[in-house]
Amino acid sequence: MSDPQLISPHQSQPIRIAGESMQYAKAAMLMIHGRGARAEDILSLANQFDFPGFAYLAPQAADNTWYPNRFLNPISDNEPWLTSALAFVGEVFAQIIQAGIPPERIILLGFSQGACLTLEFAARNARRYGSIVGLSGALIGPDNAPRDYPGSLEATPVFLGCSDVDFHVPKERVDQTADVLRKLGGDVTERLYPNMDHTVNQDEIDFVRSIMRTVSL
């Protein structure tokens, strides 16, 4: 028999939780960490957002990595890890809905490799979300990858923030991602920060807080 961990590397990985209990939360944020990081790392942003009424859920990647190669590589280079990662995000999203929080009150947020995964999940599963936030990331696959995603984001607010000289994420790919998500019906805000490191800045935190305020109304 095949080892299920080889087929689905992220199967049975833990989910870290912070903030309000989902039983009482007004809204939720599904947070996806970057390569080499942990769920606890991305959850630390919750302290900076410091916004009441939110449940925060962060799935943990196997070996702290969602997929092994660059997001610019052919998609086949990152299988089966990518498919497993997307499925895991979908499972956590479904758990939030089952807890009684509707999709329009769920923010999808990721940083770096986690941002790429977040954006790809949202594009492949287009619907109305509370918001989609990609911090230093872009859609997965090479420049010529087909982007004929089905469905509509139905005016979901989308925020894309990245350095204009990010070593990992070419700004052209952020531009392309913004275009694709607009065509999918997203209300996209794109901000490229001059000479910023591969990090999260205060302007991005403030923008996310403004989104959280709207989602939790």
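None of the values given here were measured: they were computed from a predicted structure.
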- [ ] Verify side chain to side chain contact (heavy atoms under 4.5 Å, CB included) between V158 and E190, making sure each step is shown before the conclusion.
- [x] CA-CA 8 Å; V158 178; E190 178 188 2; over 6 Å; no
Open item on the list: Checking Y149 against L139 for the side chain to side chain contact (heavy atoms under 4.5 Å, CB included) test, could you report, in this order, the C-alpha distance in whole Å, the side-chain angles of both residues, the deciding distance, and whether it holds?
Closed with: CA-CA 12 Å; Y149 303 101; L139 289 166; 3.9 Å; yes
Task: R147 side, atom CZ; L181 side, atom CG - distance, nearest 0.5 Å - done: 9.5 Å
Open item on the list: Side chains of Q113 and F71, heavy atoms from C-beta outward: is any pair under 4.5 Å?
Closed with: no
Task: Salt-bridge present (D41, R38; N to O < 4.0 Å) - done: yes
Task: Close side-chain approach of V174 and C162, heavy atoms under 4.5 Å - done: yes
Open item on the list: Keeping R35 on the side-chain end and N69 on the backbone end, is there a donor-acceptor pair under 3.5 Å?
Closed with: yes
- [ ] Look at the side chain of S112 and the backbone N and O of G114, then say whether any donor-acceptor pair between them is shorter than 3.5 Å.
- [x] no
Open item on the list: Is the shortest side-chain heavy-atom distance between L160 and T189 below 4.5 Å?
Closed with: no
- [ ] Find out whether L72 and P170 are in side-chain contact, i.e. whether some heavy atom of one side chain is under 4.5 Å from a heavy atom of the other.
- [x] yes
Open item on the list: Check whether Q176 reaches the backbone of V180 with its side chain - one donor and one acceptor, N or O, closer than 3.5 Å.
Closed with: no
Open item on the list: Please check: side-chain N/O of T83 versus main-chain N/O of E79, any donor-acceptor pairing under 3.5 Å?
Closed with: no
TODO: Would you confirm whether W66, through its side chain, and H33, through its main-chain N or O, come within 3.5 Å as a donor-acceptor pair?
DONE: yes
- [ ] Ignoring hydrogens and angles, tell me if any N or O in the side chain of D164 forms a donor-acceptor pair with the backbone of N195 under 3.5 Å.
- [x] yes
Open item on the list: Before you tell me yes or no, could you show the steps for W81 and T65 under side chain to side chain contact (heavy atoms under 4.5 Å, CB included), namely the whole-Å CA-CA distance, both residues' side-chain angles and the distance that decides it to 0.1 Å?
Closed with: CA-CA 9 Å; W81 297 272; T65 301; over 6 Å; no
Task: CG/D203: more than 12 non-hydrogen atoms of other groups inside 6.0 Å - done: yes
Open item on the list: As an exercise, state the distance from CG of N78 to SG of C116, rounded to the nearest 0.5 Å.
Closed with: 10.0 Å
- [ ] Go through the steps to decide whether R16 and E40 satisfy the test salt bridge (charged side-chain N to carboxylate O under 4.0 Å, His left out), and finish with yes or no.
- [x] CA-CA 7 Å; R16 307 303 182 197; E40 290 84 357; 3.1 Å; yes
Open item on the list: Could you check whether Y129 and F93 have their ring centres less than 6.0 Å apart?
Closed with: yes
Open item on the list: If we ignore hydrogens and angles and just use 3.5 Å, is the side chain of H10 paired with the main-chain N or O of S84 as donor and acceptor?
Closed with: no
Open item on the list: Any non-hydrogen side-chain atom of P102 less than 4.5 Å from a side-chain atom of I97?
Closed with: no
Task: Donor on one side chain, acceptor on other, S136 and H168, under 3.5 Å - done: no
TODO: Assess whether salt bridge (charged side-chain N to carboxylate O under 4.0 Å, His left out) is satisfied between D143 and R173, documenting all intermediate values.
DONE: CA-CA 8 Å; D143 289 344; R173 289 301 301 270; 3.2 Å; yes
TODO: Measure the shortest side-chain to side-chain distance between T156 and D187 over non-hydrogen atoms and say whether it is less than 4.5 angstrom.
DONE: no
TODO: Taking side chain to side chain donor-acceptor pair (under 3.5 Å) as the test, write out the residues that go with N64, two or more places apart.
DONE: Q60
Task: Any donor-acceptor N/O pair, R70 side chain to G141 backbone, under 3.5 Å - done: no
TODO: Could you check D175 against L192 for side chain to side chain contact (heavy atoms under 4.5 Å, CB included), going step by step and ending with a plain yes or no?
DONE: CA-CA 9 Å; D175 293 339; L192 293 171; 3.9 Å; yes
Task: Among I140, L117, N125, the one residue meeting side chain to side chain contact (heavy atoms under 4.5 Å, CB included) with L86 - done: L117
Open item on the list: Other members of the hydrophobic cluster containing L45, with the 4.5 Å side-chain heavy-atom rule, please.
Closed with: M29, M31, I42, L43, F49, F51, F54, Y56, I107, L109, F111, V133, L135, F159, Y193, M196, V200, I205, F207, V208, I211, M212, V215
